[in-house]
Number of protein chains: 2
Amino acid sequence: MAKGKSRQARRETLVGAARQAVLEYGTDAKLVHVAHAAGVTSGAVLYHFPDVKELLLEANRAGLERFYDERVAALATFDDPVEQLVVTVRNGLPVDSHDGSVRLLCELGGAAGRQPVYAALLTSLYDRQVAMYESMLKVGAARGVFRLASNALTIARNLVALEDAYGYRIIAGHPTIDRDIAVSLILDYARTATDNPLVINSEGDDEQ
Amino acid sequence: MAKGKSRQARRETLVGAARQAVLEYGTDAKLVHVAHAAGVTSGAVLYHFPDVKELLLEANRAGLERFYDERVAALATFDDPVEQLVVTVRNGLPVDSHDGSVRLLCELGGAAGRQPVYAALLTSLYDRQVAMYESMLKVGAARGVFRLASNALTIARNLVALEDAYGYRIIAGHPTIDRDIAVSLILDYARTATDNPLVINSEGDDEQ
DNA sequence: AAGAAATTTGAACATCCCTTCAAACTATGG
DNA sequence: CCATAGTTTGAAGGGATGTTCAAATTTCTT
(Lines give C-alpha, C1' and ligand atoms only; values in the text may rest on other atoms or scores of the structure.)
Protein backbone atom coordinates (compact mmCIF):
# COMPACT_ATOMS: atom_id res chain seq x y z
CA MET A 1 0.00 0.00 0.00
CA ALA A 2 0.94 3.62 -0.40
CA LYS A 3 3.05 3.19 -3.52
CA GLY A 4 3.34 6.41 -5.43
CA LYS A 5 4.29 8.76 -2.65
CA SER A 6 7.03 11.25 -2.90
CA ARG A 7 10.16 10.84 -0.89
CA GLN A 8 9.07 13.43 1.64
CA ALA A 9 5.61 11.98 2.09
CA ARG A 10 7.08 8.51 2.52
CA ARG A 11 9.36 9.75 5.28
CA GLU A 12 6.44 11.36 7.06
CA THR A 13 4.48 8.14 6.86
CA LEU A 14 7.36 6.31 8.48
CA VAL A 15 7.73 8.95 11.15
CA GLY A 16 4.07 8.51 11.98
CA ALA A 17 4.50 4.76 12.15
CA ALA A 18 7.46 5.21 14.44
CA ARG A 19 5.45 7.45 16.74
CA GLN A 20 2.80 4.76 16.94
CA ALA A 21 5.42 2.12 17.68
CA VAL A 22 6.91 4.19 20.48
CA LEU A 23 3.50 4.51 22.08
CA GLU A 24 3.11 0.76 22.02
CA TYR A 25 6.59 -0.45 22.85
CA GLY A 26 8.40 2.43 24.52
CA THR A 27 11.24 4.66 23.44
CA ASP A 28 13.32 1.72 22.28
CA ALA A 29 10.69 0.33 19.98
CA LYS A 30 12.02 -2.18 17.47
CA LEU A 31 12.50 -1.66 13.80
CA VAL A 32 10.07 -4.46 13.08
CA HIS A 33 7.34 -2.68 14.99
CA VAL A 34 7.85 0.49 12.99
CA ALA A 35 7.84 -1.46 9.75
CA HIS A 36 4.68 -3.31 10.72
CA ALA A 37 2.93 -0.09 11.70
CA ALA A 38 3.84 1.32 8.29
CA GLY A 39 2.80 -1.84 6.47
CA VAL A 40 6.22 -2.47 4.96
CA THR A 41 9.27 -4.56 5.78
CA SER A 42 12.30 -3.54 7.78
CA GLY A 43 14.40 -2.97 4.69
CA ALA A 44 12.06 -0.34 3.33
CA VAL A 45 12.28 1.59 6.57
CA LEU A 46 16.06 1.42 6.54
CA TYR A 47 16.10 2.65 2.98
CA HIS A 48 14.69 5.99 4.12
CA PHE A 49 16.21 6.07 7.59
CA PRO A 50 19.54 4.22 7.58
CA ASP A 51 19.71 4.69 11.34
CA VAL A 52 16.75 3.55 13.38
CA LYS A 53 17.59 5.76 16.34
CA GLU A 54 17.46 8.77 14.08
CA LEU A 55 13.98 7.80 12.96
CA LEU A 56 12.80 7.30 16.51
CA LEU A 57 14.26 10.64 17.52
CA GLU A 58 12.58 12.37 14.62
CA ALA A 59 9.26 10.72 15.46
CA ASN A 60 9.42 11.74 19.09
CA ARG A 61 10.49 15.25 18.26
CA ALA A 62 7.60 15.56 15.83
CA GLY A 63 5.22 14.25 18.48
CA LEU A 64 6.30 16.87 20.97
CA GLU A 65 6.06 19.66 18.43
CA ARG A 66 2.60 18.60 17.43
CA PHE A 67 1.48 18.60 21.04
CA TYR A 68 2.77 22.13 21.51
CA ASP A 69 1.47 23.43 18.20
CA GLU A 70 -2.01 22.15 18.91
CA ARG A 71 -2.00 23.87 22.27
CA VAL A 72 -0.98 27.18 20.76
CA ALA A 73 -3.54 26.83 18.00
CA ALA A 74 -6.35 26.14 20.45
CA LEU A 75 -5.22 29.04 22.57
CA ALA A 76 -5.31 31.43 19.63
CA THR A 77 -9.05 30.93 19.14
CA PHE A 78 -9.78 32.84 22.34
CA ASP A 79 -9.14 36.41 23.37
CA ASP A 80 -10.42 36.48 26.94
CA PRO A 81 -7.55 35.52 29.29
CA VAL A 82 -9.95 33.62 31.53
CA GLU A 83 -11.18 31.52 28.66
CA GLN A 84 -7.64 31.06 27.45
CA LEU A 85 -6.47 29.85 30.84
CA VAL A 86 -9.32 27.44 31.43
CA VAL A 87 -9.21 25.99 27.94
CA THR A 88 -5.45 25.67 27.91
CA VAL A 89 -5.38 23.84 31.21
CA ARG A 90 -7.92 21.39 29.90
CA ASN A 91 -6.07 20.96 26.63
CA GLY A 92 -2.83 20.14 28.39
CA LEU A 93 -4.34 17.12 30.06
CA PRO A 94 -4.90 13.70 28.48
CA VAL A 95 -8.46 12.73 27.65
CA ASP A 96 -7.96 9.36 29.31
CA SER A 97 -5.19 6.90 30.08
CA HIS A 98 -4.86 6.01 26.39
CA ASP A 99 -4.25 9.54 25.16
CA GLY A 100 -1.45 9.30 22.63
CA SER A 101 0.12 12.73 22.89
CA VAL A 102 0.55 12.70 26.64
CA ARG A 103 1.60 9.08 26.72
CA LEU A 104 4.44 10.07 24.44
CA LEU A 105 5.45 12.83 26.85
CA CYS A 106 5.50 10.32 29.69
CA GLU A 107 7.57 7.87 27.71
CA LEU A 108 10.14 10.50 26.92
CA GLY A 109 10.15 11.75 30.49
CA GLY A 110 11.34 8.35 31.54
CA ALA A 111 14.04 8.26 28.91
CA ALA A 112 15.22 11.80 29.66
CA GLY A 113 17.19 10.58 32.65
CA ARG A 114 19.37 8.49 30.35
CA GLN A 115 19.21 10.19 26.98
CA PRO A 116 20.24 13.86 26.92
CA VAL A 117 18.48 14.45 23.62
CA TYR A 118 15.10 13.74 25.11
CA ALA A 119 15.96 15.72 28.20
CA ALA A 120 16.68 18.70 25.98
CA LEU A 121 13.48 18.28 23.98
CA LEU A 122 11.33 18.06 27.10
CA THR A 123 13.06 20.97 28.76
CA SER A 124 12.43 23.07 25.68
CA LEU A 125 8.79 22.04 25.60
CA TYR A 126 8.37 22.88 29.26
CA ASP A 127 9.91 26.30 28.82
CA ARG A 128 7.73 27.12 25.87
CA GLN A 129 4.62 26.09 27.73
CA VAL A 130 5.70 28.23 30.65
CA ALA A 131 6.15 31.17 28.31
CA MET A 132 2.68 30.50 26.93
CA TYR A 133 1.08 30.68 30.36
CA GLU A 134 3.26 33.58 31.41
CA SER A 135 2.06 35.64 28.48
CA MET A 136 -1.54 34.76 29.23
CA LEU A 137 -1.12 35.78 32.85
CA LYS A 138 0.59 39.05 32.02
CA VAL A 139 -2.05 40.03 29.51
CA GLY A 140 -4.76 39.21 32.02
CA ALA A 141 -2.99 41.26 34.67
CA ALA A 142 -2.54 44.20 32.30
CA ARG A 143 -6.23 44.14 31.52
CA GLY A 144 -7.07 44.07 35.20
CA VAL A 145 -8.71 40.65 34.93
CA PHE A 146 -6.02 38.93 37.01
CA ARG A 147 -4.37 40.15 40.19
CA LEU A 148 -1.36 37.88 40.40
CA ALA A 149 -0.45 36.58 43.85
CA SER A 150 3.16 35.97 42.76
CA ASN A 151 5.16 36.90 39.72
CA ALA A 152 3.87 35.53 36.45
CA LEU A 153 6.86 33.27 35.87
CA THR A 154 6.35 31.45 39.16
CA ILE A 155 2.66 30.89 38.53
CA ALA A 156 3.28 29.81 34.96
CA ARG A 157 5.92 27.31 36.03
CA ASN A 158 3.60 25.85 38.62
CA LEU A 159 0.70 25.61 36.21
CA VAL A 160 2.72 23.66 33.67
CA ALA A 161 4.16 21.54 36.45
CA LEU A 162 0.68 20.66 37.69
CA GLU A 163 -0.43 19.81 34.18
CA ASP A 164 2.54 17.54 33.67
CA ALA A 165 2.06 15.73 36.94
CA TYR A 166 -1.66 15.16 36.53
CA GLY A 167 -0.95 14.00 33.01
CA TYR A 168 1.16 11.24 34.48
CA ARG A 169 -1.54 10.37 37.01
CA ILE A 170 -4.20 10.08 34.34
CA ILE A 171 -1.95 8.04 32.06
CA ALA A 172 -1.25 5.73 35.00
CA GLY A 173 -5.01 5.31 35.34
CA HIS A 174 -5.53 6.84 38.76
CA PRO A 175 -8.90 5.57 39.99
CA THR A 176 -10.24 8.92 41.15
CA ILE A 177 -8.30 11.52 39.18
CA ASP A 178 -9.63 11.90 35.66
CA ARG A 179 -9.34 14.89 33.38
CA ASP A 180 -12.18 16.83 34.96
CA ILE A 181 -10.86 16.34 38.47
CA ALA A 182 -7.40 17.35 37.34
CA VAL A 183 -8.76 20.49 35.71
CA SER A 184 -10.53 21.49 38.91
CA LEU A 185 -7.41 20.77 40.99
CA ILE A 186 -5.27 22.95 38.77
CA LEU A 187 -7.89 25.68 38.57
CA ASP A 188 -8.13 25.62 42.35
CA TYR A 189 -4.53 26.79 42.36
CA ALA A 190 -5.02 29.13 39.42
CA ARG A 191 -7.93 30.86 41.14
CA THR A 192 -5.95 31.90 44.16
CA ALA A 193 -2.92 32.72 42.03
CA THR A 194 -4.90 35.04 39.74
CA ASP A 195 -7.53 36.22 42.22
CA ASN A 196 -10.17 35.41 39.62
CA PRO A 197 -13.02 32.89 39.91
CA LEU A 198 -12.11 31.60 36.44
CA VAL A 199 -15.67 31.03 35.37
CA ILE A 200 -16.67 31.24 31.75
CA ASN A 201 -20.06 32.97 31.78
CA SER A 202 -20.68 33.32 28.08
CA GLU A 203 -21.84 29.75 27.62
CA GLY A 204 -23.33 26.83 29.47
CA ASP A 205 -20.06 24.93 29.54
CA ASP A 206 -19.91 23.96 33.18
CA GLU A 207 -16.69 22.34 34.38
CA GLN A 208 -17.71 19.55 36.70
CA MET B 1 32.55 -12.16 46.35
CA ALA B 2 29.66 -12.37 48.72
CA LYS B 3 29.76 -16.10 49.22
CA GLY B 4 28.27 -17.12 52.53
CA LYS B 5 25.04 -15.21 52.37
CA SER B 6 21.72 -16.69 53.15
CA ARG B 7 19.19 -17.19 50.44
CA GLN B 8 17.24 -14.14 51.49
CA ALA B 9 20.30 -11.89 51.67
CA ARG B 10 21.44 -13.10 48.27
CA ARG B 11 18.12 -12.19 46.75
CA GLU B 12 18.31 -8.74 48.29
CA THR B 13 21.76 -8.25 46.83
CA LEU B 14 20.46 -9.14 43.41
CA VAL B 15 17.47 -6.86 43.82
CA GLY B 16 19.86 -4.02 44.63
CA ALA B 17 21.94 -4.82 41.59
CA ALA B 18 18.81 -4.84 39.46
CA ARG B 19 17.79 -1.45 40.80
CA GLN B 20 21.18 -0.11 39.81
CA ALA B 21 20.88 -1.64 36.36
CA VAL B 22 17.46 -0.09 35.82
CA LEU B 23 18.87 3.33 36.65
CA GLU B 24 21.56 2.87 34.04
CA TYR B 25 19.69 1.10 31.26
CA GLY B 26 16.00 1.79 31.81
CA THR B 27 13.13 -0.43 32.84
CA ASP B 28 14.13 -3.15 30.42
CA ALA B 29 17.67 -3.49 31.66
CA LYS B 30 19.41 -6.65 30.50
CA LEU B 31 20.20 -9.70 32.55
CA VAL B 32 23.90 -9.19 31.90
CA HIS B 33 23.77 -5.73 33.39
CA VAL B 34 22.18 -7.02 36.56
CA ALA B 35 24.70 -9.84 36.80
CA HIS B 36 27.59 -7.46 36.27
CA ALA B 37 26.27 -5.05 38.89
CA ALA B 38 26.06 -7.96 41.32
CA GLY B 39 29.49 -9.26 40.39
CA VAL B 40 28.24 -12.66 39.24
CA THR B 41 27.32 -14.32 35.98
CA SER B 42 23.91 -14.52 34.37
CA GLY B 43 23.35 -18.07 35.51
CA ALA B 44 23.66 -17.16 39.16
CA VAL B 45 21.01 -14.50 38.80
CA LEU B 46 18.66 -16.91 37.06
CA TYR B 47 19.17 -19.43 39.82
CA HIS B 48 17.47 -17.07 42.29
CA PHE B 49 15.11 -15.37 39.89
CA PRO B 50 14.14 -17.77 37.11
CA ASP B 51 12.27 -14.94 35.44
CA VAL B 52 14.15 -11.73 34.79
CA LYS B 53 11.02 -9.62 34.59
CA GLU B 54 10.07 -10.73 38.06
CA LEU B 55 13.43 -9.58 39.37
CA LEU B 56 13.13 -6.21 37.68
CA LEU B 57 9.64 -5.75 39.07
CA GLU B 58 10.80 -6.63 42.56
CA ALA B 59 13.71 -4.22 42.26
CA ASN B 60 11.53 -1.36 41.12
CA ARG B 61 8.96 -2.05 43.76
CA ALA B 62 11.66 -2.03 46.41
CA GLY B 63 13.02 1.24 45.07
CA LEU B 64 9.65 2.93 45.32
CA GLU B 65 9.08 1.64 48.82
CA ARG B 66 12.45 2.85 49.94
CA PHE B 67 11.74 6.29 48.56
CA TYR B 68 8.49 6.48 50.48
CA ASP B 69 9.88 4.99 53.67
CA GLU B 70 12.72 7.48 53.74
CA ARG B 71 10.29 10.36 53.34
CA VAL B 72 8.14 9.16 56.20
CA ALA B 73 11.19 8.57 58.39
CA ALA B 74 12.51 12.08 57.75
CA LEU B 75 9.08 13.50 58.41
CA ALA B 76 8.85 11.76 61.76
CA THR B 77 11.85 13.60 63.16
CA PHE B 78 9.86 16.86 63.27
CA ASP B 79 6.79 17.87 65.21
CA ASP B 80 6.16 21.39 63.95
CA PRO B 81 3.90 21.21 60.86
CA VAL B 82 5.79 24.09 59.25
CA GLU B 83 9.09 22.29 59.62
CA GLN B 84 7.50 19.08 58.44
CA LEU B 85 6.11 20.70 55.33
CA VAL B 86 9.28 22.50 54.34
CA VAL B 87 11.52 19.53 54.97
CA THR B 88 9.19 17.10 53.24
CA VAL B 89 8.97 19.24 50.12
CA ARG B 90 12.74 19.40 49.95
CA ASN B 91 13.07 15.68 50.54
CA GLY B 92 10.72 14.85 47.71
CA LEU B 93 12.94 16.54 45.18
CA PRO B 94 16.07 15.08 43.60
CA VAL B 95 19.40 16.49 44.73
CA ASP B 96 20.51 16.86 41.12
CA SER B 97 19.91 15.29 37.75
CA HIS B 98 21.73 12.14 38.83
CA ASP B 99 19.61 11.43 41.88
CA GLY B 100 18.93 7.71 41.87
CA SER B 101 15.62 7.53 43.72
CA VAL B 102 13.83 10.11 41.61
CA ARG B 103 15.36 8.87 38.38
CA LEU B 104 13.76 5.54 39.14
CA LEU B 105 10.40 7.21 39.60
CA CYS B 106 10.78 8.91 36.22
CA GLU B 107 11.75 5.67 34.52
CA LEU B 108 8.70 3.93 35.89
CA GLY B 109 6.48 6.86 35.03
CA GLY B 110 7.40 6.31 31.43
CA ALA B 111 6.70 2.60 31.61
CA ALA B 112 3.39 3.07 33.43
CA GLY B 113 1.64 3.88 30.17
CA ARG B 114 2.42 0.41 28.88
CA GLN B 115 2.82 -1.76 31.96
CA PRO B 116 -0.14 -1.77 34.35
CA VAL B 117 1.99 -3.09 37.20
CA TYR B 118 4.09 0.03 37.27
CA ALA B 119 1.03 2.20 36.85
CA ALA B 120 -0.42 0.57 39.96
CA LEU B 121 2.78 0.98 41.94
CA LEU B 122 3.09 4.66 41.07
CA THR B 123 -0.55 5.36 41.74
CA SER B 124 -0.21 3.77 45.14
CA LEU B 125 2.90 5.81 45.88
CA TYR B 126 1.18 9.00 44.82
CA ASP B 127 -1.82 8.32 47.03
CA ARG B 128 0.33 7.58 50.03
CA GLN B 129 2.30 10.76 49.55
CA VAL B 130 -0.95 12.69 49.26
CA ALA B 131 -2.13 11.13 52.51
CA MET B 132 1.15 12.13 54.09
CA TYR B 133 0.72 15.78 53.15
CA GLU B 134 -2.98 15.72 53.93
CA SER B 135 -2.27 14.60 57.47
CA MET B 136 0.37 17.28 57.87
CA LEU B 137 -2.00 19.95 56.64
CA LYS B 138 -4.86 18.83 58.86
CA VAL B 139 -2.68 18.74 61.95
CA GLY B 140 -1.37 22.19 61.15
CA ALA B 141 -4.90 23.46 60.63
CA ALA B 142 -6.09 21.90 63.87
CA ARG B 143 -3.27 23.59 65.74
CA GLY B 144 -4.13 26.90 64.17
CA VAL B 145 -0.81 27.12 62.36
CA PHE B 146 -2.36 26.72 58.92
CA ARG B 147 -5.50 28.32 57.55
CA LEU B 148 -6.20 26.20 54.50
CA ALA B 149 -7.39 28.02 51.41
CA SER B 150 -8.98 24.83 50.04
CA ASN B 151 -9.69 21.44 51.48
CA ALA B 152 -6.64 19.51 52.62
CA LEU B 153 -6.98 16.81 49.97
CA THR B 154 -6.83 19.31 47.13
CA ILE B 155 -3.76 21.03 48.51
CA ALA B 156 -2.05 17.74 49.26
CA ARG B 157 -2.69 16.47 45.74
CA ASN B 158 -1.28 19.63 44.26
CA LEU B 159 1.79 19.57 46.47
CA VAL B 160 2.68 16.03 45.46
CA ALA B 161 1.94 16.87 41.84
CA LEU B 162 4.31 19.83 41.96
CA GLU B 163 6.99 17.69 43.54
CA ASP B 164 6.62 15.05 40.87
CA ALA B 165 6.77 17.52 38.04
CA TYR B 166 9.77 19.42 39.31
CA GLY B 167 11.45 16.11 39.95
CA TYR B 168 11.16 15.43 36.23
CA ARG B 169 12.50 18.88 35.38
CA ILE B 170 15.53 18.45 37.59
CA ILE B 171 16.22 14.96 36.30
CA ALA B 172 16.03 16.36 32.77
CA GLY B 173 18.65 18.90 33.79
CA HIS B 174 16.66 22.09 33.42
CA PRO B 175 19.21 24.90 33.19
CA THR B 176 17.54 27.21 35.71
CA ILE B 177 15.40 24.96 37.88
CA ASP B 178 17.47 23.16 40.49
CA ARG B 179 16.33 21.79 43.80
CA ASP B 180 16.38 25.10 45.62
CA ILE B 181 14.39 26.87 42.93
CA ALA B 182 11.90 24.03 42.87
CA VAL B 183 11.52 24.20 46.64
CA SER B 184 10.77 27.90 46.49
CA LEU B 185 8.31 27.41 43.63
CA ILE B 186 6.42 24.76 45.55
CA LEU B 187 6.54 26.73 48.79
CA ASP B 188 5.20 29.74 46.92
CA TYR B 189 2.06 27.72 46.36
CA ALA B 190 2.12 26.20 49.84
CA ARG B 191 2.29 29.62 51.44
CA THR B 192 -0.91 30.87 49.90
CA ALA B 193 -2.58 27.51 50.39
CA THR B 194 -1.78 27.40 54.12
CA ASP B 195 -1.75 31.13 54.81
CA ASN B 196 1.57 30.66 56.59
CA PRO B 197 4.94 32.22 55.68
CA LEU B 198 6.53 28.78 56.10
CA VAL B 199 9.70 30.10 57.65
CA ILE B 200 11.70 28.01 60.06
CA ASN B 201 12.86 30.42 62.75
CA SER B 202 14.23 28.07 65.38
CA GLU B 203 17.65 27.59 63.85
CA GLY B 204 20.17 29.20 61.53
CA ASP B 205 19.82 26.53 58.89
CA ASP B 206 19.96 28.59 55.74
CA GLU B 207 19.12 26.77 52.56
CA GLN B 208 21.91 27.40 50.08
C1' DA C 1 36.79 -34.68 57.44
C1' DA C 2 33.41 -36.57 54.34
C1' DG C 3 29.30 -36.54 52.14
C1' DA C 4 25.20 -33.98 50.85
C1' DA C 5 23.03 -29.88 49.46
C1' DA C 6 23.20 -25.46 47.65
C1' DT C 7 25.25 -22.29 44.60
C1' DT C 8 27.88 -20.66 40.70
C1' DT C 9 30.16 -21.10 36.53
C1' DG C 10 30.82 -21.32 31.63
C1' DA C 11 29.47 -23.01 27.50
C1' DA C 12 25.95 -24.46 24.34
C1' DC C 13 21.66 -23.34 22.30
C1' DA C 14 17.75 -20.75 20.53
C1' DT C 15 15.83 -16.45 19.68
C1' DC C 16 15.48 -11.76 18.60
C1' DC C 17 16.99 -7.85 16.18
C1' DC C 18 19.78 -4.63 13.28
C1' DT C 19 22.09 -4.45 9.10
C1' DT C 20 23.46 -5.57 4.42
C1' DC C 21 22.51 -6.73 -0.21
C1' DA C 22 21.25 -8.84 -4.49
C1' DA C 23 17.15 -9.51 -6.81
C1' DA C 24 12.46 -8.11 -7.85
C1' DC C 25 9.35 -4.63 -8.43
C1' DT C 26 7.42 0.12 -9.59
C1' DA C 27 7.27 4.55 -11.53
C1' DT C 28 8.49 7.78 -14.87
C1' DG C 29 10.50 9.91 -19.00
C1' DG C 30 11.77 9.28 -23.58
C1' DC D 1 7.47 -0.05 -24.97
C1' DC D 2 11.94 0.34 -23.17
C1' DA D 3 15.40 2.11 -20.10
C1' DT D 4 16.67 4.04 -16.05
C1' DA D 5 16.30 5.47 -11.46
C1' DG D 6 13.90 4.82 -7.35
C1' DT D 7 11.84 1.65 -4.10
C1' DT D 8 10.82 -2.67 -1.77
C1' DT D 9 11.41 -7.30 -0.74
C1' DG D 10 13.23 -11.39 1.38
C1' DA D 11 17.05 -13.83 2.74
C1' DA D 12 21.50 -14.10 4.93
C1' DG D 13 24.91 -12.48 8.32
C1' DG D 14 26.31 -11.18 12.78
C1' DG D 15 25.83 -9.45 17.32
C1' DA D 16 23.35 -9.41 21.57
C1' DT D 17 20.39 -11.68 24.86
C1' DG D 18 17.53 -15.17 27.65
C1' DT D 19 17.59 -19.82 28.92
C1' DT D 20 19.25 -24.42 29.95
C1' DC D 21 22.39 -27.54 32.01
C1' DA D 22 26.29 -30.47 33.32
C1' DA D 23 30.35 -29.72 35.79
C1' DA D 24 32.87 -27.22 39.29
C1' DT D 25 32.78 -24.88 43.51
C1' DT D 26 31.23 -23.59 47.92
C1' DT D 27 28.53 -24.18 52.05
C1' DC D 28 26.21 -26.94 55.30
C1' DT D 29 25.45 -31.14 58.03
C1' DT D 30 26.86 -34.88 60.46
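Please read these numbers as outputs of a predicted model, since none were measured by experiment. A note on names: the letters A, B, ... follow the listed sequences, proteins ahead of strands, and every chain is numbered from 1.
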What is the distance from NZ of A:K53 to C1' of C:dT19, rounded to the nearest Å? 13 Å
Rounded to whole Å, how long is the line connecting atom CZ of A:F49 with atom C1' of C:dT19? 17 Å
Inspect the contact between A:R90 and A:D180 and indicate whether a charged nitrogen and a carboxylate oxygen are less than 4.0 angstrom apart. yes
I'd like to know if A:R114 pairs up with B:E107 as an ion pair, taking the criterion as any Lys NZ or Arg NE/NH1/NH2 lying under 4.0 Å from an Asp or Glu carboxylate oxygen. yes
Could you work out which one of D:dT9, D:dT7, C:dT9 sits closest to the side chain of B:T41? C:dT9
Determine whether more than 12 heavy atoms belonging to other residues, nucleotides or ligands lie under 6.0 Å from atom NE2 of A:H36. no
Take the protein atom CZ of A:R7 and the nucleotide atom C1' of C:dT28, then report the distance between them rounded to whole Å. 17 Å
Side chains of B:I186 and B:E163: closer than 4.5 Å at any heavy-atom pair? yes
Relative to each other, are the rings of A:Y25 and A:H33 parallel, tilted or perpendicular (30° and 60° limits)? parallel
Whole-Å gap separating C1' (D:dT19) and CD (B:E54): 15 Å
B:Y168 vs A:Y168 aromatic rings, parallel, tilted or perpendicular, using cut-offs 30° and 60°? parallel
Atom-pair distance (OH on B:Y47; P on D:dC21), nearest Å: 15 Å
When you compare the protein's N or O atoms with those of nucleotides 16-18 of chain C, which come within less than 3.5 Å of each other, and at what distance?
residue: C:dC18; atom: OP1; partner: A:L31; partner atom: N; Å: 3.1
residue: C:dC18; atom: OP2; partner: A:L31; partner atom: N; Å: 3.1

A:H36 NE2 to D:dG10 P: how many Å, rounded? 14 Å
Check the phosphate of C:dA6 against B:H48, side-chain N and O only, distance under 4.0 Å to OP1 or OP2. Yes or no? no
Could you check which of D:dG6, C:dT8, D:dT19 has an atom nearest any side-chain atom of B:S42? D:dT19
Atom CG of B:L55 and atom P of D:dG18: how far apart are they, to the nearest Å? 11 Å
Any A:R10 side-chain nitrogen or oxygen under 4.0 Å from OP1 or OP2 of D:dT8: yes
Those residues that, when tested against B:S124, pass side-chain hydrogen bond (donor to acceptor under 3.5 Å, both in side chains) (two or more places apart): B:R128
